[in-house]
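In what follows, every heavy atom counts, from backbone to side chain, and hydrogens, waters and symmetry copies are set aside. In the text below, chain A, chain B and the rest are named by the order of the sequence lines, each starting its count at 1.
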Amino acid sequence: MSKNTIKVRFAPSPTGELHLGGARTALFNWLFAQRQNGSFFLRIEDTDKERSKTQYTEQIIDSMKWLGLNWKTPVVYQSGRTERYKHYLNILFKNDLCYRCFCSKDELQQSKVDGHFLYPGTCRNLSEHEIKTKLNQGITFTIRIKIGSGKTMFNDLVYGKNVTDHNELDDFIIIRSDGTPTYNFSVVVDDYEMEISHVIRGDDHLSNTSKQIIIYRALGLKPPQFAHLPMILGPDKKRLSKRHGAPGVQSFADQGYFPDGLLNYLALLGWNPKNDDEIFSLTQLSNKFSLKQVQKKGAIWDEQKLHWISGQHMMQKSSKFILDQVRAINPEWGKGSDIAVLIRILDLMKPRCKSLKEVISLSEPFFISPVVFNDGEKARAWPNQKTASNLIGCLKKLEQIAFWNAQQIESEIKQYVSTKSFSLGKIIMPLRLALFGSLNGPSVYDIIEILGKKEVNKRINFALETFSNI
RNA sequence: GGCCCGUUCGUCUAGUGGUUAGGACUCAGGAUUUUCAUUCCUGCAACAGGGGUUCGAUUCCCCUACGGGCUACCA
């Protein structure tokens, strides 16, 4: 039973916040687990004491929660598993499959400079006596795996058959001189003990996989299945990183993007549903996901497309839901207004926003009267003194409206204009500017309805006053 | 240096031994909105190059070029 259970994990190292590439790897693991009815785990790879920071661990966990990629508790920390690594190391020692290496970093570095790209095996065959002597001298040592001749082969679920000849490998270090395990060792021990069935990770690990399989074999363990994912790249086709100014997941949360929109875009980077559909909820993604449709080619991060997808998600959300989300960010938003009015505002703002922050900033004129006006817009909308008298006339008309709704307002204004010698634009544009402080935004009739008679009066008078004084 | 991986419009991608090489984002133009956005329509735009195999290759094979990864006491 447990043999066939699907278990996957996302294993970031806490040397920085959760970045987009990491999020995509996490997503694919999560989707795979959902699709296969398996479990998804989170493991923090913090064996590098120098670079690992608990603040990053916390941030990664926060980002994962925000994304909604829930994992099976508890979180596994490699730093807490020292005894397990020792256990497996002893097995290697017992079987003479690893050895102490007393070479200094400088020596190894020099060897590289001299053109030896592989470890020459200096310490591979030290005698018991030599080892004892060096230990007594207090020379620090690392531990290297002993790799025999032969070939290692595996079938990657994305990239297909992969063969590595052992003579292209060297006896790499599995335990550092401070006693901590290196990645290639700890990952094997942990994936085995966590009973991971499928290792799904970035293709920067494709070349490491043979080394890990060698360790599995040395320990007499059965390796899991492997699936490597193509990288997410910057515009220069190099792995996307902070160097590109690429923000972490946290930044998208801060800007009020919807996690399912971000995830939707991330999913399309290196995977496709085999048809032309592009907008998916997380559930829809998990119903469709398959490693078979994963691309082998790296994909360049395109913020434009993210914006479009985020906008599509925004339009799909109910305004009630958006209201709750906005209030979660800013509890004061729209305070004092009826919920029905706020919903109305969100209905209008939805098609022009891609994030909650944008919703908040673009809807501001509904709550705060404009005080400053852009000169260019003023020149366009308010060309001469006639504008003021037109507006005053229009205002009078508005005051007589019995049924204060957008349709009524629209017909009144149009009727008013029809009796005059100027075009509708001559009245709509100054109204827009006076009421919204900008020439862009929702229909002016909707704005008027939402603002209410009193506020409309106030704002128009303020504009009349402001512009007459110039 | 060695090994591994990749290469379809600018970008994400579909695709097949014979297609007008399809869709999406972006961009340009148009319709709706006398604004902006949304929506709709139209347009621009790609099989890296060279050899094979074949009646026929974007598709299969080889080479080259280019890009990426690994080659760390990082992961």
Side-chain angles (χ1 to χ4, degrees), chain A residues 11-15 45-48 50-52 78 101 103-105 108-109 112 115-119 140-144 156 158-160 162-165 167-170 172-184 186-187 201-211 228 230-231 233 235-239 265 268-279 293 295-309 311-312 314-315 348-354 362 377 380-381 417 423-429 431-433 436 438-444:
Chain A
S13 67
T15 54
E45 308 227 322
D46 53 356
T47 65
D48 184 344
E50 299 280 303
R51 305 199 309 148
S52 298
Q78 292 191 322
C101 170
C103 297
S104 70
K105 281 182 189 176
L108 296 172
Q109 179 59 32
K112 288 247 162 80
H116 302 104
F117 289 87
L118 301 180
Y119 176 65
T140 60
F141 60 88
T142 60
I143 295 172
R144 291 178 183 272
D156 189 273
V158 171
Y159 285 89
N162 185 297
V163 184
T164 303
D165 193 319
N167 62 26
E168 280 145 17
L169 266 25
D170 63 1
F172 58 91
I173 292 172
I174 57 172
I175 300 289
R176 301 185 184 95
S177 50
D178 68 358
T180 58
T182 59
Y183 171 74
N184 282 313
S186 59
V187 77
R201 72 233 302 191
D203 76 9
D204 47 339
H205 289 302
L206 199 53
S207 307
N208 286 324
T209 305
S210 309
K211 298 182 194 174
H228 289 88
M231 306 264 88
L233 314 173
D236 60 355
K237 294 188 190 288
K238 286 192 173 30
R239 188 199 297 183
Y265 175 60
L268 258 21
L269 237 35
W271 171 85
N272 77 81
K274 259 203 144 180
N275 60 35
D276 290 340
D277 298 345
E278 294 200 290
I279 306 301
Q293 255 74 253
Q295 196 85 6
K296 296 186 184 71
K297 177 176 76 153
I300 296 172
W301 175 260
D302 179 10
E303 192 122 341
Q304 302 257 44
K305 185 115 187 192
L306 198 225
H307 289 168
W308 178 75
I309 288 177
Q312 295 294 312
M314 181 68 77
M315 285 187 284
L348 297 172
M349 300 315 292
K350 257 195 293 196
R352 43 202 108 217
C353 297
K354 60 185 182 293
L362 293 182
E377 292 199 326
R380 261 178 67 203
V417 171
S423 67
L424 187 60
K426 287 279 185 295
I427 200 75
I428 291 225
M429 294 311 260
L431 270 178
R432 178 179 292 290
L433 187 65
F436 220 59
S438 158
L439 259 29
N440 297 342
S443 154
V444 77

Exercise. So what's B:U19 paired with, Watson-Crick or G-U wobble, going by both distances under 3.5 Å?
Worked result: none

Exercise. How many Å lie between CD1 on A:Ile300 and C1' on B:U7, as a whole number?
Worked result: 12 Å

Exercise. Tell me, for nucleotides 22-30 of chain B in 5' to 3' order, what letter each nucleotide earns: B for a base near a protein heavy atom under 4.0 Å, S for only sugar-phosphate near one, - for neither?
Worked result: -SBSS----

Provide a list of protein-nucleic acid N or O atom pairs under 3.5 angstrom, restricted to nucleotides 66-69 of chain B.
from, atom 1, to, atom 2, distance (Å)
B:G68, OP1, A:Lys238, NZ, 2.4
B:G69, O3', A:Arg239, NH2, 3.3
B:G69, O2', A:Asp204, O, 3.4
B:G69, N2, A:Ser207, OG, 3.4

For this session: With a 3.5 angstrom cut-off on both distances, give the Watson-Crick or G-U wobble partner of B:U58, or none if there isn't one.
Result: none

For this session: Indicate, with a heavy-atom threshold strictly under 4.0 Å, whether A:Asp48 touches base, sugar-phosphate, or nothing.
Result: sugar-phosphate

Exercise. Starting at the 5' end of RNA chain B, which residue's closest nucleotide do you reach first, A:Thr164 or A:Asn440?
Worked result: A:Thr164

Exercise. Using a cut-off of 4.0 Å on non-hydrogen atoms, how would the nucleic acid contact of A:Ser13 be classed: base, sugar-phosphate, or nothing?
Worked result: sugar-phosphate

Exercise. Looking across every strand, which nucleic acid part, if any, lies under 4.0 Å from A:Tyr159 by heavy atom: base, sugar-phosphate, or nothing?
Worked result: sugar-phosphate

For this session: Check every strand shown and say whether A:Lys350 touches a base, only sugar-phosphate, or nothing at a heavy-atom separation below 4.0 Å.
Result: nothing

Exercise. How is A:Gln312 classified with respect to the nucleic acid when contacts are heavy atoms under 4.0 Å: base, sugar-phosphate, or nothing?
Worked result: sugar-phosphate

Problem set entry | Identity of whatever pairs with B:A65 - Watson-Crick or G-U, under 3.5 angstrom | B:U7

Exercise. When all nucleic acid strands are considered with a 4.0 Å heavy-atom cut-off, which category describes A:Lys354: base, sugar-phosphate, or nothing?
Worked result: nothing

For this session: Give the intermediate values and the outcome of side-chain contact (heavy atoms from CB on, under 4.5 Å) for residues A:Tyr119 and A:Lys112.
Result: CA-CA 8 Å; A:Tyr119 176 65; A:Lys112 288 247 162 80; over 6 Å; no

Exercise. Taking for each residue the nucleotide of RNA chain B bearing the nearest heavy atom, is the 5' side occupied by A:Ile428 or by A:Pro230?
Worked result: A:Pro230

Exercise. Across all strands shown, which nucleotide pairs with B:G1 by Watson-Crick or G-U wobble geometry, both distances under 3.5 Å?
Worked result: B:U71

For this session: Could I get the full list of side-chain hydrogen bond (donor to acceptor under 3.5 Å, both in side chains) partners for A:Asp156, not counting sequence neighbours?
Result: A:His228

Identify each atom pair where a protein N or O and an N or O of nucleotides 60-64 of chain B are less than 3.5 Å apart, giving names and distance.
none

Problem set entry | For A:Ser443, all residues meeting side-chain contact (heavy atoms from CB on, under 4.5 Å), sequence neighbours excluded | A:Tyr445, A:Asp446

Exercise. Going by heavy atoms in the side chains, are A:Met429 and A:Arg380 under 4.5 Å from each other?
Worked result: yes

Seminar exercise, completed: Considering only heavy side-chain atoms of A:Lys297, the closest of B:G15, B:C70, B:C12 is B:C12

Exercise. Roughly how far apart, to the nearest Å, are B:A45 and B:U20 at atom C1'?
Worked result: 15 Å

Problem set entry | Polar pair under 3.5 Å, donor/acceptor by atom type, side chain A:Thr182, base B:C73 | no

Exercise. When all nucleic acid strands are considered with a 4.0 Å heavy-atom cut-off, which category describes A:Gly115: base, sugar-phosphate, or nothing?
Worked result: nothing

For this session: Tell me what A:Ser423 touches on the nucleic acid: a base, only sugar-phosphate, or nothing, going by heavy atoms under 4.0 Å.
Result: base

Exercise. When you check the side-chain N and O atoms of A:Ser177 and A:Thr140, is any donor under 3.5 Å from an acceptor?
Worked result: no

For this session: Taking atom P in both B:C9 and B:G15, compute the distance separating them and give it to the nearest angstrom.
Result: 15 Å

Exercise. Given A:Tyr265 and A:His307, is the ring pair (Phe, Tyr, Trp, His ring centres under 6.0 Å) satisfied, shown in steps?
Worked result: CA-CA 9 Å; A:Tyr265 175 60; A:His307 289 168; 9.6 Å; no

Exercise. OP1 or OP2 of B:U13 less than 4.0 angstrom from a side-chain nitrogen or oxygen of A:Asn272, does that happen here?
Worked result: no

Problem set entry | Touch class at under 4.0 angstrom, heavy-atom based, for A:Lys105 against every strand present | base

Exercise. To the side chain of A:Asp170, which of B:G1, B:A72, B:U38 is closest?
Worked result: B:A72

Exercise. Side-chain donor-acceptor pair under 3.5 Å between A:Thr180 and A:Asp178, yes or no?
Worked result: yes

Exercise. Counting N and O atoms only, with roles assigned by atom type, does the side chain of A:Asp46 sit under 3.5 Å from a partner on the main chain of A:Ser52, one being a donor and the other an acceptor?
Worked result: no

Exercise. Looking for any heavy atom pair under 4.0 Å, which part of the strands does A:Gly270 touch: base, sugar-phosphate only, or nothing?
Worked result: sugar-phosphate

For this session: Run the numbers on A:Glu278 and A:Lys305 for salt bridge (Lys or Arg N to Asp or Glu O under 4.0 Å), then give the verdict.
Result: CA-CA 11 Å; A:Glu278 294 200 290; A:Lys305 185 115 187 192; 2.8 Å; yes

Exercise. Among all residues two or more places apart in sequence or in another chain, which pass the salt bridge (charged side-chain N to carboxylate O under 4.0 Å, His left out) test with A:Lys426?
Worked result: none

For this session: Look only at the side chain of A:Thr47 and the backbone of A:Thr182, and say whether a donor-acceptor pair between them is shorter than 3.5 Å.
Result: no

Exercise. NA contact type, A:Met349, heavy-atom cut-off 4.0 Å: base, sugar-phosphate, or nothing?
Worked result: nothing

Exercise. With sugar-phosphate meaning primed atoms plus P, OP1 and OP2, does A:Ser443 contact a base, only sugar-phosphate, or nothing at under 4.0 Å between heavy atoms?
Worked result: base

For this session: Return the value, rounded to whole Å, for the distance between atom CD of A:Gln78 and atom P of B:C73.
Result: 17 Å

Exercise. Any salt bridge between A:Glu377 and A:Arg432, counting N to O under 4.0 Å?
Worked result: no

Exercise. In Watson-Crick or G-U wobble terms, both distances under 3.5 Å, what is the partner of B:C40?
Worked result: B:G30

Exercise. Can you tell me how far P of B:U7 sits from CD of A:Gln295, to the nearest Å?
Worked result: 7 Å

For this session: Give a yes/no on whether any side-chain N or O of A:Thr47 is located under 4.0 angstrom from OP1 or OP2 of B:A75.
Result: yes

For this session: Apply the test side-chain contact (heavy atoms from CB on, under 4.5 Å) to residues A:Leu433 and A:Ser438: give CA-CA distance (whole Å), side-chain angles for both, the deciding distance (0.1 Å), then the verdict.
Result: CA-CA 5 Å; A:Leu433 187 65; A:Ser438 158; 5.8 Å; no

